[in-house]
Amino acid sequence: MSGSYILSGRVWSGNAFEDGYVIIVDGRVEDVRYGEYNGPPDFKGCVLPGIIDTHTHVADAGLKLHRHYDLEELVAPPNGLKHKYLDETPPEKIVTSMASYVNALYDKGVSRIIDFREGGIQGIAMLRNLFPKSIILGRPMSTNFNVSEVDDILKYADGIGISSISDMSHRYVDAIAEEVHKRRKILALHVSERVREDMDYVISLKPNFVVHMVYATNSDIAKCVDNDIPISVCPRSNFYFGIKAPVNSMINAGASVSIGTDNAMLTPDSNIFNEAKTFYELLSTGNRERGETFRSLIAHGRELLHENSALETMIGNKADIVAIPCGEEHLLTNGCDGAVRFYSR
């Protein structure tokens, strides 16, 4: 993007929004300053870094649900409706619907997604070819551990995302975890989404992060905190199944909690800000301030990838900035209608 732009209003400092402004010149961040801007800016509102959607399944974007399903019949491998859709749908149709969904995520403020990629090598290639900056966690197709398959996946993916330790034997999960750590890639797990699972065993696998934790106890959450394991939560998909993540307990325990949109078929509006709105509603039952929601939406997603979310860290680099024409409170109580200006992808 050529030209100079002044983005003024509430600027993300890494931990909170503060009054300030950002100067962008020819697509790069020239400066970030705090205090009021004396003059008419090119944009006024909330200015923040591109958001990391920390848990997605974008390949099922084309699956339309015509009735309500429970969690197991919809997403549990290998016979859940989602898996039948992925097995039976032509690859070109999956690619088309996936591209439409991810582009909509990007248009509404997401910078990168962390996708749990079904379909083995072919599934990884579909997303990598469409959106090279995606963080892709592949998944083996073999029901028994196949070191060659896992090795091939880890050549092209950023790591492996496991559906649940309840879906496979410990021996199989242990072997996958060993190969992932050997190559210093990302290991992530769905944990305690359908039932409470053995947190000591989860910790022994040394995952980089876990997802959901809706049936986790305070002790389970404390073990994540003690072992520096971040948690990604997806409030709207949990609501679909009539469950709620214990986000207040997570925040009170000091967990690093980020936000994901989960299955595309469950969040067809592709709007991470509406996910944050639901997260805020959960937190408000525990009298948490809105800053906790923004830290989960903005800071903790970047921290999961070992990145700093403060806009100052972008000075001199290509802009990765979202500008939203509303205030913080409006954003969390009304969501976002898609009026987002995204300066770089």
Over 60° means perpendicular and under 30° means parallel, so classify the ring planes of Tyr106 and Phe131, tilted if in between.
perpendicular
Could you label the plane-to-plane angle of the Tyr172 and Phe145 rings as parallel, tilted or perpendicular, counting under 30° as parallel and over 60° as perpendicular?
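Aromatic pair Tyr172/Phe145 classed perpendicular.
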Hey, mind stepping through Asp167 and Arg194 against salt bridge (Lys or Arg N to Asp or Glu O under 4.0 Å) and telling me if it holds?
CA-CA 11 Å; Asp167 294 334; Arg194 299 198 302 268; 2.9 Å; yes
Using distance alone, with no hydrogens and no angle criterion, decide if [X] and [Y] have a side-chain donor and acceptor under 3.5 Å apart.
X      : Y      : answer
Asp320 : Ser111 : yes
Ser237 : Asn263 : no
His83  : Glu118 : no
Thr217 : Asp220 : yes

Looking only at heavy atoms, which two atoms of Ile298 and Leu48 are closest? And how far apart?
CD1-CD1, 3.8 Å
Is there side-chain contact between [X] and [Y], with at least one heavy-atom pair below 4.5 Å?
X      : Y      : result
Thr267 : Asp262 : no
Glu303 : Ser309 : no
Ile165 : Val191 : no
Met265 : Leu74  : yes
Tyr5   : Ile321 : no

Please answer whether the main-chain N or O of Val11 pairs with a side-chain N or O of Glu18 as donor and acceptor at a distance below 3.5 Å.
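Flag not set: sc Glu18 to bb Val11 has no pair under 3.5 Å.
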Whether Arg67 engages the ring of Tyr69 as a cation-pi pair (distance to the six-membered ring centre under 6.0 angstrom, angle to the ring normal within 45°) should be assessed.
yes
Give a yes or no on whether [X] and [Y] share a hydrophobic cluster (residues Ile, Leu, Val, Met, Phe, Trp, Tyr; joining criterion: side-chain heavy atoms under 4.5 Å apart).
X      : Y      : result
Val211 : Leu266 : no
Val247 : Leu332 : yes
Val47  : Ile24  : yes

When rounded to the nearest 0.5 angstrom, what distance separates CG in Leu127 from CD in Gln122?
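CD of Gln122 is found 13.0 Å from CG of Leu127.
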Determine, stepwise, if the pair Asp19 / Arg10 fulfils salt bridge (Lys or Arg N to Asp or Glu O under 4.0 Å).
CA-CA 5 Å; Asp19 290 338; Arg10 300 288 286 167; 3.1 Å; yes
